[in-house]
Protein chains: 2
Amino acid sequence: MRRDVFQAIADPTRREILGLLAQNPQNINAVADRFPTSRVAISKHLKILMECGLVVVQQQGRERICEAQPEKLQEVADWVEQYRQFWNEKLDSLEQYLAKIQNKDADNS
Amino acid sequence: MRRDVFQAIADPTRREILGLLAQNPQNINAVADRFPTSRVAISKHLKILMECGLVVVQQQGRERICEAQPEKLQEVADWVEQYRQFWNEKLDSLEQYLAKIQNKDADNS
DNA sequence: TACATTTGCAACCGATTGGTTACACAAACT
DNA sequence: AGTTTGTGTAACCAATCGGTTGCAAATGTA
């Protein structure tokens, strides 16, 4: 089952989990304790995050320490970035428009 | 029904639609013609993109011209950006590590 | 007026999603 | 040795998703 970063971060719980793990790595139960849902549900979310490389796990005895690996978010950043120019241009022309009508207003006053 | 930008861009077809509309605005049938799926399916995707503000529509007679409004991607950019420092730090320490073992290697040669 | 085009909406469908409970099992304490 | 702790897996469930077909309605055009 091929996992996709965009799909992984679509769920707000998974985004929150990534936030927690970025602050400090911790085992699965510790993560699950922070949410109202069951351990199994969180475990499934973690599995998805692992499958797309946003989280890595390190076995330590019976515990599995999960760590955030947000480099994979680069793919998302790149995709968004291609629209940056697009919306900056629109904002620029809006600014020019606003500047123009402000000047006009000043002329009329 | 509250739509969320993260959920909207999770689907590859919707990301592609946004790409098409960023190149040039066009009506719903024109978009649908670019995909192997039915018009209704594309129409549903467009509805989701509209509901979260990534696409705006302008009625023109019987046609509805769809236009990309990628400003809403700022929310995604902001979320990703908060992890930038995190992964830059990791890359930095990797670089330092690589530099270190390279020096060691040079010493040994 | 008759016809073609563009679109929305309702009903349906199979697959996926996010969740649950129940059970199993190895690692670590007492 | 017995018990607690951390985790995986299987079976199930309701809701959502991405897709379909069929029909209706409004706007253009011949």
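So that the names make sense, note that chain A is the first sequence line, chain B the second, and so on, each numbered from 1. From a predicted model like this one, the values you see are computed outputs, not experimental measurements.
Going from atom CD1 of Ile9(A) over to atom P of dT17(C) covers 16 Å, rounded to whole Å. Taking atom CZ of Arg3(B) as the reference point, atom P of dT16(D) lies 10 Å away to the nearest angstrom. Separating the CD1 atom of Ile28(A) from the P atom of dT9(D) is a distance of 10 Å, rounded to the nearest angstrom. Remark: P of dT16(C) and CD of Glu51(A) are 14 Å apart, rounded to the nearest angstrom. For the pair Phe35(A) CZ and dG19(C) C1', the interatomic distance rounds to 15 Å; values are reported in whole Å. Atom NZ of Lys47(A) and atom C1' of dA10(D) are 11 Å apart (whole Å). dG18(D) atom P lies 13 Å from atom CG of Leu46(B), rounded to whole Å. Atom C1' of nucleotide dT5(C) and atom CD1 of Ile65(B) are separated by 13 Å, given to the nearest angstrom.
The closest donor-acceptor contact from the side chain of Gln58(A) to the backbone of Val56(A) lies at 3.5 Å or more, if one exists at all. Of the possible donor and acceptor atoms, one in the side chain of Gln59(A) sits under 3.5 Å from a partner among the backbone N and O of Gly61(A). One N or O on the side chain of Arg15(A) and one on the backbone of Ala10(A) form a donor-acceptor pair closer than 3.5 Å. Although no hydrogens or angles enter the test, the distance criterion places no donor-acceptor pair under 3.5 Å between the side chain of Arg39(B) and the main chain of Asn29(B).
Judged as a ring pair (Phe, Tyr, Trp, His ring centres under 6.0 Å), the pairs with a partner in residues 37-84 of chain B (not counting sequence neighbours) are, in order, Phe6(B)-Trp79(B), Trp79(B)-Tyr83(B).
Under the salt bridge (Lys or Arg N to Asp or Glu O under 4.0 Å) criterion, Glu67(A) pairs with Lys90(B), sequence neighbours left out. Shown here are the side-chain hydrogen bond (donor to acceptor under 3.5 Å, both in side chains) partners of Asp33(B), two or more places apart in sequence or in another chain: there are none. A search for side-chain hydrogen bond (donor to acceptor under 3.5 Å, both in side chains) contacts involving Gln85(B) returns Glu89(B), not counting sequence neighbours.
Residues Val57(B) and Leu18(B) share a single hydrophobic cluster, defined by chaining ILVMFWY side chains whose heavy atoms lie under 4.5 Å apart.
Contacts between residues 18-27 of chain B and DNA chain D, counted as heavy-atom distances below 4.0 Å, involve no residue at all.
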Give the B/S/- string for nucleotides 19-30 of chain D, one per nucleotide from 5' to 3', where a protein heavy atom under 4.0 Å of the base yields B, of only the sugar-phosphate yields S, and otherwise -.
BBB-----BS--
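Note on Asn29(A): a side-chain N or O is less than 4.0 Å away from OP1 or OP2 of dT7(D). Contact between the side-chain N/O atoms of Gln7(B) and the OP1/OP2 oxygens of dT16(D) is not found at any separation under 4.0 Å.
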